[in-house]
Structures are given as structure tokens and as C-alpha cells.
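Reading through the C-alpha cells given below for one structure.
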Amino acid sequence: MFIVLAAEEPQDTFDSAKAAQHAFEGAGFTVQTIRTATLTSDVPEESNRPMHLLRARHAHTIYEALHRGPVAVLGTGKARVRSDLFGPLTHRRTVPLERFVRYKAVYRSIHDVDAAQDLIDAVMLWPGDDRFSDERDHRVLPMHVFSLEDWPALHLPDGVASFERAHGRAAHLIDNADRDWKRPTALHGNEVLHTRGVELRAGHHWDVQSERSSGRLSTHLEVWAFPRGAYVNVYPNAVVRGGQSSASSAVQIWDELGAEHQKKSRATPKKTPHRRDKRRTR
């Protein structure tokens with residue numbers, strides 16, 4: 001289970017988080033508490049609007065966990081995740097944490113009455129009768145990578161019909177950047193992912209190609225440049241694998257985890273090596 005808090009919260013929120021942690025641990029769950037970073041927008045009209053962003057490594061930890069088994073997330077409603085790492089930081093280029101984990105985790109607000117017990121009950125029953133139908137279920141997609149729009153009703157027939165009018169059927173989807181997401185003719189990789197009660201075939205992915213336009217594809221970790229005709233494989237956990245032919249593969253142009261690691265290394269003072277005293281003692 002994950003508890004996600006802003007860097008600064010009212011004391012009653014911290015008290016609620018601590019009580020929730022004790023409840024989760026008492027029920028036998030492993031709990032990780034994550035604090036967001038507080039940043040401001042790069043555009044003047046949003047400069048007075050703080051954003052509480054998950055660091056890339058924390059977003060990665062949560063999203064990977066969603067594809068390993070049942071996960072519960074307790075948040076305050078403030079946390080957001082960067083969905084577009086290229087260009088200026090703006091509110092529009094982020095998504096709420098609830099939307100980031102939607103369909104693949106149980107999410108509750110810490111401000112809800114009995115949120116902790118409700119979350120424990122929900123994850124114990126997860127996913128109940130509302131499991132993914134199979135790999136063609138649109139909820140298997142890494143939706144923050146695929147679409148800029150919010151699709152909160154993909155568990156309902158009307159929601160699925162609306163999505164398919166905008167993006168096509170499962171065998172051949174088209175994203176907001178006019179890229180094709182096709183079901184593969186061959187699977188690549190040995191990793192078996194599990195999400196919302198479904199075990200996906202090892203190597204399940206989409207063949208993503210920009211046949212009609214050029215552009216960029218951004219995950220919560222990486223940015224890939226797509227010349228016209230380029231392609232990559234995208235997996236349900238938002239992992240991107242470059243094409244086997246360098247002539248046709250999209251090119252990774254940004255790695256947020258690597259950038260965070262370098263920034264952390266520069267901020268950590270180097271230790272002065274201990275020098276042995278060579279003076280002779282008597």
C-alpha cells in the first residue's frame with residue numbers, strides 16, 4: 001500500500017496518515033509513505049499555483065507495483081504526475097495521482113470517513129467481479145501515455161463505446177498524436193505482468209508507429225522522438241522498447257530517472273577520504 005502526502009500538510013492529515021499506516025500494517029500489508037515535491041509552473045499565468053509532483057522514481061515504483069498484484073493508494077488529492085516531460089512544466093502537462101493509477105489500483109482520499117478501513121476491505125476483495133476481461137480491455141493501456149483525455153468510465157459499456165469512437169477498436173488504436181497502436185504479431189520479452197486480476201501473456205505490448213506524422217511520445221520516465229515512420233513497443237507498465245532496426249526506431253531523448261540520479265549525486269557532498277596518520281608512535 002502507498003500513502004502519498006504533500007511535503008507540507010496540516011497536522012490532522014499527518015495524524016490520519018499515521019493512523020492509516022498502523023491500520024494497514026495491522027492488517028498485514030506493507031506500507032510505503034511517499035512525499036511529493038512542491039514545484040511551480042514554468043508559465044507566468046500559473047506561477048502562483050504550486051504543484052505537488054511525484055518524483056519520477058516514486059511514480060515508477062507505484063506504476064510498476066500496479067502490474068505485480070493488488071495495490072492500494074491513499075492520497076490527499078494534491079499529488080500529480082508529469083505526463084509530458086518535454087517542454088515547460090505546466091498544470092496541463094500533469095495528471096492527478098488518482099487518474100494515474102485508475103483501473104489498476106484501489107484509490108481512496110485520506111479525507112474520506114473511514115478511508116483506511118474502506119481501503120483495506122476494497123483491496124482484500126480486489127478486483128471482485130470487475131476484473132479486466134482480457135488483454136484487449138482498454139483499461140490495460142498505460143492511459144497517461146496513450147491519451148491526453150480523461151476516460152473515467154471505461155468500466156461501463158457507454159464509456160467503452162465513447163472511447164472507441166475516438167480511438168478505434170483494440171486491434172488498431174490511434175492515440176492523440178495520430179500514432180497507431182496495434183496488437184503485435186509477435187510477443188517480445190519474458191516478463192509476465194499481472195493487473196486487475198488478469199495475467200497478461202509474457203511480452204504483451206503494442207506496436208506503436210507514427211506512419212502519418214512526426215512527434216514525441218512521453219511516459220512518466222522517458223521521452224521518445226518519432227520521425228515519420230518510426231516505431232517502438234510499448235508495454236502495459238509504460239515501459240518503452242526501441243525498434244530492432246535503428247533506421248526505423250524512435251529515439252529516446254530524455255530519461256527522467258537518470259536525470260534525477262545525476263541531480264541527487266551533485267547534491268550529495270563527497271566524503272573526504274580518511275588519511276592514515278603516518279607519524280610513528282612511541
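Ring orientation note: the planes of F163 and H167 are tilted relative to one another, at an angle of 30° to 60°. Using the six-membered ring where Trp is involved, F100 and H220 have ring planes that are perpendicular, over 60° apart on the 30 and 60° scheme.
The two atoms that bring L119 and V106 nearest to each other are CD1-CG1, 3.4 Å, heavy atoms only. Here the closest non-hydrogen pair linking V232 and A250 is CG1-CB, 3.5 Å. Here the closest heavy-atom approach between residue S218 and residue V145 is recorded as O-CG1, 3.8 Å. Across all their heavy atoms, L66 and A105 have their closest contact at CD2-CB, 3.5 Å. In this structure, R55 and R35 approach most closely via the heavy-atom pair NH1-O, 3.4 Å. The heavy-atom pair separating F24 from A116 by the smallest distance is CE2-O, 3.5 Å.
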Before giving the answer on side chain to side chain contact (heavy atoms under 4.5 Å, CB included), spell out for L193 and H204 the whole-Å C-alpha distance, their side-chain angles and the decisive distance to 0.1 Å. CA-CA 8 Å; L193 301 179; H204 173 69; over 6 Å; no
Check the pair H155, R139 against side chain to side chain contact (heavy atoms under 4.5 Å, CB included), reporting the backbone distance first and the verdict last. CA-CA 8 Å; H155 58 298; R139 295 174 293 177; 3.4 Å; yes
For V234 and F146: C-alpha separation, side-chain torsions, deciding distance, then whether side chain to side chain contact (heavy atoms under 4.5 Å, CB included) applies. CA-CA 10 Å; V234 179; F146 179 82; over 6 Å; no
Please determine whether salt bridge (Lys or Arg N to Asp or Glu O under 4.0 Å) holds for the pair D207 and R241, giving the CA-CA distance in whole Å, both sets of side-chain angles, and the decisive distance to 0.1 Å. CA-CA 10 Å; D207 290 333; R241 175 178 178 268; over 6 Å; no
Would you check, one step at a time, whether the test side chain to side chain contact (heavy atoms under 4.5 Å, CB included) holds for V160 with H138? CA-CA 8 Å; V160 172; H138 301 312; 4.0 Å; yes
Assess whether salt bridge (Lys or Arg N to Asp or Glu O under 4.0 Å) is satisfied between E8 and K78, documenting all intermediate values. CA-CA 11 Å; E8 296 182 4; K78 297 178 182 178; over 6 Å; no
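With hydrogens and angles disregarded, a donor-acceptor distance shorter than 3.5 Å links the side chain of S16 to the backbone of D12. In this structure a side-chain-to-backbone donor-acceptor pair under 3.5 Å is present from R196 to Y103. Between the side chain of H205 and the backbone N or O of G203, at least one donor-acceptor pair lies under 3.5 Å. Put simply, the side chain of E9 gets close to the backbone of A6: a donor and an acceptor are under 3.5 Å apart. Side chain of H60 to backbone of L221: no donor-acceptor contact under 3.5 angstrom is found. A donor-acceptor pair under 3.5 Å is absent between the side-chain atoms of Q252 and the main chain of E222, judged by distance alone. With R212 contributing its side chain and D178 its backbone, the two residues share a donor-acceptor pair below 3.5 Å. Side-chain atoms of H172 do not come within 3.5 Å of backbone N or O of K182 as any donor-acceptor pair. Side-chain N or O atoms of T61 include one that pairs as donor or acceptor with a backbone N or O of R57 at under 3.5 Å. Not a single donor-acceptor pair under 3.5 Å links the side chain of T36 to the backbone N or O of A79.
Between P236 and L200 there is a side-chain heavy-atom pair separated by less than 4.5 Å. S210 is not listed as a side-chain neighbour of Y231, based on a closest heavy-atom distance of 4.5 Å or more. Considering only heavy atoms from C-beta on, L97 stays 4.5 Å or farther from R80 through its side chain. Between L5 and I34 there is no side-chain heavy-atom pair separated by less than 4.5 Å. Q21 is listed as a side-chain neighbour of T33, based on a closest heavy-atom distance under 4.5 Å.
Atom OG1 in T90 sits 8.0 Å away from atom CZ in R82 (nearest 0.5 Å). Atom CG of N176 sits about 4.5 Å away from atom CG of L148, to the nearest 0.5 Å. Here M51 contributes atom CE and T40 contributes atom OG1; the two are 7.0 Å apart, rounded to the nearest 0.5 Å. Note that the CG atom of L154 and the CZ atom of R102 stand 8.5 Å from one another [nearest 0.5 Å].
Taking the six-membered ring for Trp, H58 and F2 have ring centres at least 6.0 Å apart. Ring-centre distance between Y63 and H144: below the 6.0 Å cut-off.
In this structure, Y235 shares a hydrophobic cluster with V239, the cluster being traced through Ile, Leu, Val, Met, Phe, Trp and Tyr side chains under 4.5 angstrom apart.
Side-chain atoms of E46 and H91 form no donor-acceptor pair, as typed in the model, at a separation below 3.5 Å. A donor-acceptor pair shorter than 3.5 Å can be found between the side chains of E64 and N237. No hydrogens or angles considered: a donor-acceptor pair under 3.5 Å links the side chains of W181 and D175.
Under the side-chain contact (heavy atoms from CB on, under 4.5 Å) test applied with E256, the options V223, L85, T219 reduce to a single match, L85. The side-chain contact (heavy atoms from CB on, under 4.5 Å) test with R99 is passed by exactly one of V81, D150, T94: D150.
I174 and V208 fall into different hydrophobic clusters, where Ile, Leu, Val, Met, Phe, Trp and Tyr are joined by side-chain heavy atoms under 4.5 Å apart, directly or via other members. Following chains of ILVMFWY side-chain contacts shorter than 4.5 Å, one cannot reach V95 starting from L89, and the two form parts of different hydrophobic clusters. No single ILVMFWY cluster, assembled from side-chain heavy atoms under 4.5 Å apart, contains both I62 and V123. Cluster annotation: V198 is connected to L141 through the hydrophobic network of ILVMFWY side chains, with a link wherever side-chain heavy atoms come within less than 4.5 Å. Cluster annotation: V4 is not connected to M1 through the hydrophobic network of ILVMFWY side chains, with a link wherever side-chain heavy atoms come within less than 4.5 Å.
For the pair R179 and F226, the cation-pi test (distance below 6.0 Å, angle within 45°) is passed.
The local environment of CH2 in W254 is sparse, with at most 12 non-hydrogen atoms from other residues, nucleotides or ligands closer than 6.0 Å. When the shell of 6.0 Å around CZ of R68 is examined, it contains more than 12 heavy atoms from other residues, nucleotides or ligands.
A salt bridge is defined here as a Lys NZ or Arg NE, NH1 or NH2 lying under 4.0 Å from an Asp or Glu carboxylate O, and E211 with R228 fails to meet this definition. A salt bridge is absent between D114 and R108: the closest approach of a Lys/Arg side-chain nitrogen to an acidic carboxylate oxygen does not fall below 4.0 angstrom.
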